[in-house]
Amino acid sequence: MTAQQETRPHAAAKPVRWAADTVAMAREGARVRLDYSAQSLWRVDRMIDEIRRESPPYAAVESALRGFGAYAGEVIVRQSGAEWWATGGEHWVRTPDGRIWDPIDEARRAYGGHGSLRLLCRDASTGR
């Protein structure tokens with residue numbers, strides 16, 4: 001565990017683990033390398049598109065989508081100095097400018113064809 005992870009708020013524990021599991025799943029299952037860069041979210045959006053085209057039931061992909069969203073949230077945290085927040089079992093990212101982002105919901109929206117984790121990260125990282 002790095003010093004950065006040790007000092008993170010308790011709210012980060014689950015999404016950080018989900019993101020790490022997603023990195024491992026992508027590497028081992030899909031042979032896709034995710035490196036927590038904003039550019040890697042292009043690959044994540046494409047993976048979600050591929051899953052959507054196969055039309056599995058939502059229940060079959062729910063945990064994968066949660067992992068993709070957590071990965072995107074972790075990218076935002078690392079890119080912008082944001083931090084994870086949690087309330088009632090839901091997890092969000094709060095950027096230094098005070099804005100709240102929901103990357104896990106954005107992954108669900110992407111699966112429905114109406115979202116993009118890459119664009120969410122771009123918007124969250126711009127500080128607008």
Side-chain angles (χ1 to χ4, degrees):
M1 188 178 295
T2 67
Q4 179 185 9
Q5 290 172 325
E6 291 172 9
T7 60
R8 285 196 169 169
H10 178 70
K14 286 183 180 179
V16 168
R17 185 176 68 242
W18 297 331
D21 290 347
T22 297
V23 169
M25 177 273 306
R27 181 183 61 245
E28 295 166 14
R31 297 188 185 259
V32 173
R33 185 174 181 271
L34 299 177
D35 60 3
Y36 293 97
S37 68
Q39 295 81 11
S40 71
L41 293 174
W42 283 90
R43 288 182 226 113
V44 174
D45 278 344
R46 281 196 307 260
M47 285 191 287
I48 292 172
D49 286 343
E50 289 171 12
I51 292 168
R52 182 178 64 247
R53 281 194 291 272
E54 294 173 8
S55 301
Y58 179 78
V61 297
E62 185 174 11
S63 65
L65 295 173
R66 181 188 67 198
F68 288 137
Y71 174 79
E74 213 23 46
V75 170
I76 294 167
V77 165
R78 293 176 184 205
Q79 296 285 317
S80 69
E83 62 183 353
W84 283 101
W85 286 60
T87 304
E90 298 292 321
H91 294 82
W92 300 279
V93 171
R94 182 175 182 265
T95 50
D97 60 10
R99 294 179 298 162
I100 302 292
W101 304 88
D102 191 343
I104 295 172
D105 188 56
E106 189 69 12
R108 294 177 191 127
R109 290 175 37 77
Y111 179 70
H114 308 290
S116 167
L117 295 173
R118 175 186 59 84
L119 295 177
L120 177 79
C121 180
R122 182 199 66 189
D123 292 347
S125 298
T126 60
R128 286 188 267 156

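- Rounding to the nearest 0.5 angstrom, the gap separating the CD atom in Glu54 from the CD1 atom in Ile51 is 7.0 Å.
- Separation of atoms CZ (Arg43) and CG (Asp35) is listed at 6.0 Å; rounding is to 0.5 Å.
- The side-chain heavy atoms of Leu120 and Ile76, taken from C-beta on, include a pair separated by under 4.5 Å.
- At least one side-chain heavy atom of Tyr58 sits under 4.5 Å from a side-chain heavy atom of Arg108.
- Heavy atoms only, all atoms of each residue included: Ser40 and Leu34 are closest at O-CD2, 4.0 Å.
- With respect to the salt-bridge test (charged N to carboxylate O, under 4.0 angstrom), the residues Arg66 and Glu62 do not qualify.
- Side chain of Arg109 to main chain of His114: a donor-acceptor pair is present (N/O by atom type, distance under 3.5 Å, no hydrogens or angles).
- Between Arg99 and Trp92 there is no side-chain heavy-atom pair separated by less than 4.5 Å.
- The nearest pair of heavy atoms linking Ala70 to Pro15 is CB-O, 3.4 Å.
- Residues Trp84 and Val93 are in side-chain contact: their nearest non-hydrogen atoms beyond the backbone lie under 4.5 Å apart.
- Under the 4.5 Å side-chain contact rule for hydrophobic residues, Val75 and Trp85 do not share a cluster.
- When all heavy atoms of Ala11 and His91 are compared, the pair lying nearest together is O-CD2, 3.4 Å.
- Minimum heavy-atom separation, Asp45 to Ser116: OD2-OG, 2.7 Å.
- Counting heavy atoms from C-beta on, the side chains of Val77 and Val16 never come closer than 4.5 Å.
- Residues Glu106 and Asp102 have side chains not in contact (no heavy-atom distance under 4.5 Å, counting atoms from C-beta outward).
- Expressed to the nearest 0.5 Å, how far CD of Gln79 lies from OG of Ser37 amounts to 7.0 Å.
- With respect to Asp49 and Arg52, a salt bridge is recorded, a charged nitrogen being found less than 4.0 Å from a carboxylate O.
- For the residue pair Gly81 and Pro96, the shortest heavy atom distance occurs at O-CG, 3.7 Å.
- The aromatic rings of Tyr36 and Tyr71 lie tilted to each other, with the angle between the two planes from 30° to 60°.
- Each of Ile104 and Phe68 belongs to its own hydrophobic cluster when Ile, Leu, Val, Met, Phe, Trp and Tyr are linked at side-chain heavy-atom distances under 4.5 angstrom.
- For the pair Ser125 and Trp101, the minimum side-chain heavy-atom distance is 4.5 Å or more.
- If you check the side chains of Trp18 and Glu74, you find no donor sitting under 3.5 Å from an acceptor.
- Between Ser80 and Thr95, the shortest heavy-atom distance links the atoms OG-CG2, 3.9 Å.
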